[in-house]
Amino acid sequence: MLDLKFIRENPELVKQGIQNKNEKSRVDEILALDEKRRQLILNTDELKMKRNQASSQIPMMKKSGQDTSALMAEMKQVSDMITDYDSQLKNVEDELDKILMYIPNLPSSTVPVGKSAADNVEVKRWLPDGFSLESDKKATDHVELGKKLKILDFERGAKVSGSGFAVYMGKGATLERALINFMLDKHINEHGYKEIFPPFLVNRDSMKGTGQLPKMEEDMYAIEKDELYPVPTAEVPITNLHRSEILEEKDLPIYYVGYSACFRREAGSYGKESKGFLRVHQFNKVEMVKFVKPETSYDELEKLVKDAEDILQALKIPYRVLMLCTGDLSFSAAKCYDIETWSPAENKWLEASSCSNFENFQARRANIRFRNEQTKKPEFVHTLNGSGLATSRLMVSLLENNQTADGKILVPEVLQKYTGFSVIE
RNA sequence: GGAGAGAUGGCAGAGUGGUUGAAUGCGGCGGUCUUGAAAACCGUUAAGGAUGCAAGUCCUUCCGGGGUUCGAAUCCCUGUCUCUCCGCCA
């Protein structure tokens, strides 16, 4: 959520930012409602002051035996007026809030302006020693590999749950588990994150806090009976851990890492990159979340990306890093890097991680603050998160890049102590 | 699922219709004392909003929402959460 005061003072800047994100600007509506809101506050406050004065006067009058009935009758009228103004004010504020909840975060000034994914900027490419993108044209794709080696079963997944659900079997299941544990351990032991095992169902307030709702209602699974939402990412429960809290400045930055299954409806995306793991309704992800002081958040973003890259370098998986342009940036993000891993069978890059700085957009929605030690005043923190990483897309690259000519999969060395085996055949 | 109790400031904990935004204790901050520290003593210590150049002034907030009243932390209704007992259960 953007600051109403900021919008009031910088309407043109806000309009431009929204436009760069390819979203509709409703800034003028906001300004008009804000004007109305402040007028109503002016009216009620004056009446309330009157009422408060009378309230302290009445007991004194009674004590000295004076008649209070005239004053009480007058206050009855005042109270009715207050009720009326207050309900008008509530309507205006609800309306304002509704619009504000749909206004995206503004892109950072360091983000390139662009319309779509085509305008994203590649900022880095990392390939393992001796690896070439051209070298492996006849790679078998992950679906085929999974089937042959009996480690992945998309057909049975469809039978049990529906299309877009995978079953991992045998060494495939073990490999998935190994990957999750390896990533968690690395972030905990080498990058200084604290492990969180969050709930996988969250309430509506949490979904609003991180920005999934109300705008992306259609993309979210919902358990209506209990008003709970299966998490689309661990970002939601982990960021909301500190919702409505005032943190101590000395406790910042806070680094959390957590595993969760991620549930996504992917409504309306059938047929688009939907083969095998490329688009599924449930996948596993290790997520990193940071709560930091505002002035450090862009440095923290660079470190976050590096932490995710470390995983890929350890696994020796080819990847590139993209800086997203304004038009491809998500609703809540001010700046975002995507990490894409290479799929030799698809002959393209697959998004496996997204690392974003939300500045105070989420913090404002979720009311996450810290006490500034100098001023003693609470301020909003900046929140960041990044996948570290999603196993499904990563698994595609891992299987395809580690296949041998005779159809086996070589398990990356760093995973072997987690799997207990070095080859899948 | 059934029965009961509760939710108050950073924390603990009073307050059951009228100067209570809230006693008291702890913690935090500042000071006196001390070579320094401790102890003791004194002072101070919520958030949000409106208005104003500012100092300030005003409003709101005692879990959320609604109601009664001239007036609500306090009474009524409702939702959420926590605890105790019973039932069920990985």
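Proteins get letters first, then strands, A, B, ... in listed order; numbering begins at 1 in each.
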**Q** Tell me which nucleotide, if any, is Watson-Crick or G-U wobble paired with B:C58 when both distances must be under 3.5 Å.
**A**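 Its partner is B:G49 (Watson-Crick or G-U wobble, both distances under 3.5 Å).
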**Q** Checking base pairs now: Watson-Crick or wobble, both atom distances under 3.5 Å. What partners B:A12?
**A**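 Looking at the geometry, B:A12 pairs with B:U24.
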**Q** Would A:K293 and A:E300 pass as an ion pair if we require N to O under 4.0 Å?
**A**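 Between A:E300 and A:K293 there is no salt bridge, as every charged N stays at least 4.0 Å from the carboxylate O atoms.
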**Q** Below 6.0 angstrom between ring centroids: does that apply to A:H191 and A:Y255?
**A**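 So the answer is no for these two rings.
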**Q** Between A:D28 and A:K15, is there a side-chain N and carboxylate O pair less than 4.0 Å apart?
**A**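 Salt bridge flag = yes for A:K15 with A:D28.
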**Q** Between P on B:C29 and CD on A:E248, what's the gap in Å once rounded to a whole number?
**A**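 Rounded to whole Å, this separation is 11 Å.
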**Q** Would you say the ring centers of A:F277 and A:Y168 fall short of 6.0 Å from each other?
**A**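 Yes.
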**Q** Considering heavy-atom distances to RNA chain B, does A:L42 or A:I246 have its closest nucleotide positioned more toward the 5' end?
**A**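 Result of the comparison: A:I246.
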**Q** In whole angstrom, give the distance that lies between atom NZ of A:K250 and atom P of B:C29.
**A**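 So the NZ-P distance, A:K250 to B:C29, works out to 10 Å.
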**Q** On the six-membered ring of A:Y256, is A:K194 placed so that its NZ or CZ lies under 6.0 angstrom from the centre and within 45° of the ring axis?
**A**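 No.
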**Q** Taking B:G9 as the reference, what is the distance to B:A23 when you measure between their C1' atoms (whole Å, please)?
**A**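 B:A23 and B:G9 have their C1' atoms separated by 13 Å.
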**Q** Indicate, with a heavy-atom threshold strictly under 4.0 Å, whether A:R369 touches base, sugar-phosphate, or nothing.
**A**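 Touches sugar-phosphate only.
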**Q** Determine the interatomic distance between C1' on B:G17 and the same-named atom on B:U74; round to the nearest Å.
**A**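 Between the two C1' atoms, the distance is 6 Å.
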**Q** Whole-Å distance between B:A50 C1' and A:N52 CG?
**A**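 Nearest whole value for this atom pair: 15 Å.
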**Q** To the nearest angstrom, how far is A:K377 atom NZ from B:C29 atom P?
**A**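 About 18 Å, once rounded to whole Å.
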**Q** Reading nucleotides 61-83 of chain B 5' to 3', which nucleotides get B (base under 4.0 Å from a protein heavy atom), which S (sugar-phosphate only), which -?
**A** -----S---BS------------
**Q** If B:C83 has a Watson-Crick or G-U wobble mate with both distances under 3.5 Å, name it; if not, just say none.
**A**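 Pairing partner: B:G4.
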**Q** Measure the distance from CD on A:E46 to C1' on B:G49 and round it to the nearest whole Å.
**A**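 In whole Å, B:G49 C1' and A:E46 CD are 17 Å from each other.
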**Q** My understanding is that a pair needs two contacts under 3.5 Å, Watson-Crick or G-U wobble. By that rule, which nucleotide pairs with B:A38?
**A**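 By the stated definition (distances under 3.5 Å), nothing pairs with B:A38.
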**Q** Among residues at least two apart in sequence or on other chains, which ones pass salt bridge (charged side-chain N to carboxylate O under 4.0 Å, His left out) with A:K306?
**A**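 Checked A:K306 against salt bridge (charged side-chain N to carboxylate O under 4.0 Å, His left out); matches are A:D310.
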**Q** Whole angstrom is fine here: how far is it from CE in A:M49 over to P in B:G56?
**A**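 After rounding, the gap between these two atoms is 18 Å.
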**Q** Flag the pair A:F361 / A:F331 as yes when their ring centroid distance falls below 6.0 Å, and as no otherwise.
**A**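 Ring centres of A:F331 and A:F361 closer than 6.0 Å.
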**Q** Go ahead and name the base partner of B:G43; Watson-Crick or wobble counts if both distances stay under 3.5 Å, otherwise write none.
**A**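 Its partner is B:C29 (Watson-Crick or G-U wobble, both distances under 3.5 Å).
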**Q** Is it the case that A:K171 places NZ or CZ above or below the six-membered ring of A:F421, under 6.0 angstrom from the centre and within 45 degrees of the axis?
**A**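 Yes, A:K171 and A:F421 form such a contact.
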**Q** Could you give the distance separating B:G6 and B:U19 at their P atoms, to the nearest angstrom?
**A**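 To the nearest whole Å, 24 Å.
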**Q** I'd like the C1' distance from B:A14 over to B:A7, given in whole Å.
**A**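 Nearest-Å result for B:A7 against B:A14 at atom C1': 15 Å.
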**Q** Quote, to the nearest angstrom, the C1' distance that separates B:A46 from B:A73.
**A**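 Looking at atom C1' only, B:A46 and B:A73 are 16 Å apart.
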**Q** Which one is paired to B:G64, where only Watson-Crick or G-U wobble pairs with both distances under 3.5 angstrom count?
**A**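 Paired with B:G64, as far as the under-3.5 Å criterion goes, is B:U78.
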**Q** Ignoring hydrogens and geometry, is there a side-chain-to-backbone donor-acceptor pair from A:N240 to A:R243 under 3.5 Å?
**A**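 Checked: no pair found.
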**Q** Would you mind reading off the distance between A:L89 atom CG and B:G48 atom C1', rounded to a whole angstrom?
**A**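 Atom-to-atom, A:L89 to B:G48, this comes out as 14 Å.
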**Q** With P as the reference atom in both, quote the distance from B:U78 to B:G2 in angstrom, rounded to an integer.
**A**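 B:U78 and B:G2 have their P atoms separated by 15 Å.
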**Q** Measuring only the P atom in each nucleotide, how far is B:G13 from B:U51? A whole number of Å is fine.
**A**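 Their P atoms lie roughly 41 Å apart.
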**Q** Rounded to the Å, how far apart are A:N43 CG and B:U51 P?
**A**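 Rounding to the nearest Å, CG of A:N43 and P of B:U51 are 12 Å apart.
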**Q** Does B:A50 have its OP1 or OP2 closer than 4.0 Å to a side-chain nitrogen or oxygen of A:R37?
**A**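 For A:R37, the contact criterion (side-chain N or O under 4.0 Å from OP1 or OP2 of B:A50) is met.
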**Q** Say we look at B:A47 and B:C62: how far apart would their C1' atoms be, to the nearest angstrom?
**A**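 Per the computed distance, 13 Å lies between those C1' atoms.
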**Q** Could you tell me the Watson-Crick or G-U partner of B:U69, where both distances fall under 3.5 Å? Say none if there is no partner.
**A**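 Because no pair has both required distances under 3.5 Å, B:U69 counts as unpaired.
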**Q** Counting any heavy atom closer than 4.0 Å, what does A:R8 reach on the DNA or RNA strands: base, sugar-phosphate only, or nothing?
**A**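 The answer is sugar-phosphate, as A:R8 gets under 4.0 Å only of primed atoms, P, OP1 or OP2.
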**Q** Check this one for me: any side-chain N or O of A:R371 less than 4.0 Å away from OP1 or OP2 of B:G28?
**A**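 For B:G28, OP1/OP2 do not have a side-chain N/O of A:R371 under 4.0 Å.
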